[in-house]
Amino acid sequence: MTPSLRSRFVMEIICCFVLVILGAERAFCIRFPDRISNGVKSPRAQSQPLRTAVFALGSFWRSESVFGCLDGVVRTTAGYAGGTKTNPEYRSLGDHAEAVQIEYDPGVINFRQLLEVFWSSHDSRQVYGQGPDVGNQYRSIIFTNGTEEMRLAAVSKEREQTKSKNGIVTTQILQLGAFYPAEPEHQKFELKRNPFLLQLIGNLREEELERSTLVAKMNGYAAELCPSKTQRHIDAKINEIIRRGWPILRDV
C-alpha cells in the first residue's frame, strides 16, 4: 500500500469512528477525496457591482465569522486597518486595529444592515477591548467610504448611544485608508479549527478558502454565529451528506 493510499485509508477509518462517537443511528463512512479544486460554486451573478465595508469589533477571528454567514456577503477577509504602520503583522501591528473586510452584494444586503450586525455583535462601550481581549488593537471602529456611509455611521452611533444607559459608546468613525489582509493562518480561523468541516467542503487550497462564499458561511457556522435558521439549514445539509455518504458540501 502506497503512503497516499495508507493516509486515505486511515482518514476513512477516523471518519467512521467520529460518526459513531457523535451518536449517529447508523454509521456511514464518507470517502474524502484528496482535494476538490472545483467543489465550491462561484457566487451568482450580481445585478450590481460588489461593495466593500470594513469594521473593527474586537478579535478578527470572531468578527470574520459574524459577517460571513449573512445573505449577500460574498467574501470576508481578516486584516488590519486604522493605523499608520505600513505592512503590519500579527505580532507587530503598530497602531492598527484588527478588522474584517466584507465584500457584499448591495442588491441583497446594504450598509445600514451591516451596521446593525456590527452594533449587535460587540460591546461598543468597552474601551480598547472586547471581553477578555484587551488592547488597542481590539477597539471599535466603523470605517467609511464617502460621505453617505459617514452619515449612516454617525446616525447609527447616535441611535446606539440613546439606547445605552450604562456607558458611553466608544466606537470611532474613520474614513477608510489602507486595509492590510492578515496572514493566512488568521483567515477563516474558526473553520480551520474544525478538520471535519474542512474535509466536508473538499480540502480546498488556501487561496480558495480565502475567496469562497461557501467557506465564509461555513466559517460562521463553525463558530455557531449564523442566524438560527441558517444554522439549522446547514445542520440539515451536513446530516444529509452523512446519511448518504457523499462527501462534498458544494453550497448552502
Side-chain angles (χ1 to χ4, degrees), residues 1-46 61-62 64-78 102-105 107-109 117 184-252:
M1 183 181 289
T2 65
S4 61
L5 287 175
R6 186 181 302 111
S7 176
R8 180 179 293 185
F9 177 75
V10 171
M11 179 58 70
E12 292 172 5
I13 294 299
I14 291 173
C15 168
C16 292
F17 183 68
V18 169
L19 293 178
V20 171
I21 290 178
L22 290 176
E25 292 182 4
R26 296 173 61 192
F28 292 84
C29 189
I30 298 175
R31 290 183 173 270
F32 290 119
D34 292 333
R35 187 179 63 80
I36 300 296
S37 59
N38 295 316
V40 178
K41 291 183 179 179
S42 299
R44 70 181 187 280
Q46 281 83 31
W61 296 341
R62 185 179 186 280
E64 190 182 18
S65 301
V66 165
F67 290 96
C69 223
L70 301 176
D71 288 341
V73 170
V74 175
R75 63 185 61 91
T76 58
T77 305
I102 303 141
E103 294 176 66
Y104 65 99
D105 179 355
V108 180
I109 191 170
V117 175
E185 60 265 29
H186 300 297
Q187 306 297 337
K188 310 302 182 289
F189 182 82
E190 296 293 344
L191 177 60
K192 289 176 179 177
R193 295 173 64 190
N194 194 317
F196 177 73
L197 292 180
L198 283 174
Q199 294 279 7
L200 203 65
I201 61 176
N203 298 313
L204 301 178
R205 294 192 182 98
E206 182 64 41
E207 58 267 28
E208 293 173 307
L209 287 172
E210 294 179 12
R211 301 292 294 172
S212 165
T213 302
L214 171 63
V215 171
K217 281 190 177 294
M218 294 304 293
N219 190 49
Y221 172 81
E224 299 184 354
L225 290 173
C226 290
S228 58
K229 182 178 180 180
T230 303
Q231 201 82 14
R232 290 194 301 270
H233 175 71
I234 298 176
D235 282 340
K237 284 266 191 176
I238 293 174
N239 288 337
E240 181 69 8
I241 287 173
I242 292 173
R243 186 180 69 82
R244 293 186 175 185
W246 178 244
I248 302 303
L249 181 64
R250 297 180 182 275
D251 67 84
V252 293

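We count residues from 1, following the sequence as given.
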From [X] atom [atom1] to [Y] atom [atom2], the distance as rounded to the nearest 0.5 Å:
{"X": "Asn194", "Y": "Phe189", "atom1": "CG", "atom2": "CZ", "value": "12.5 Å"}
{"X": "Leu70", "Y": "Cys226", "atom1": "CG", "atom2": "SG", "value": "8.5 Å"}
{"X": "Leu225", "Y": "Cys69", "atom1": "CG", "atom2": "SG", "value": "8.5 Å"}
{"X": "Arg75", "Y": "Lys188", "atom1": "CZ", "atom2": "NZ", "value": "9.5 Å"}
{"X": "Ile241", "Y": "Leu200", "atom1": "CD1", "atom2": "CG", "value": "4.5 Å"}

Has [X] got a side-chain atom pairing as donor or acceptor with [Y]'s backbone, closer than 3.5 angstrom?
{"X": "Gln187", "Y": "Ala78", "result": "yes"}
{"X": "Asn219", "Y": "Glu190", "result": "yes"}
{"X": "Glu103", "Y": "Val74", "result": "no"}
{"X": "Asp105", "Y": "Gly72", "result": "no"}

Would [X] and [Y] pass as an ion pair if we require N to O under 4.0 Å?
{"X": "Asp71", "Y": "Lys229", "answer": "no"}
{"X": "Lys237", "Y": "Glu240", "answer": "no"}
{"X": "Arg205", "Y": "Glu210", "answer": "no"}

What do the steps show when you test Glu206 against Arg211 for side-chain contact (heavy atoms from CB on, under 4.5 Å), and what is the final call?
CA-CA 9 Å; Glu206 182 64 41; Arg211 301 292 294 172; over 6 Å; no
May I ask you to check whether Thr76 and Glu64 show a side-chain donor-acceptor distance below 3.5 Å?
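Yes - a donor-acceptor pair under 3.5 Å links their side chains.
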Side-chain donor-acceptor contact under 3.5 Å, Asn203 with Gln199
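Side chains of Asn203 and Gln199: pair found under 3.5 Å.
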Glu185 CD: over 12 foreign heavy atoms closer than 6.0 Å
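Counting other residues, nucleotides and ligands, CD of Glu185 exceeds 12 neighbours.
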Non-hydrogen side-chain atoms of Tyr221 and Leu197 separated by less than 4.5 Å:
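Counting from C-beta outward, Tyr221 and Leu197 do come under 4.5 Å.
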Candidates Val215, Leu204, Leu209 - the one meeting side chain to side chain contact (heavy atoms under 4.5 Å, CB included) with Leu198:
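Exactly one candidate clears the test, Leu209.
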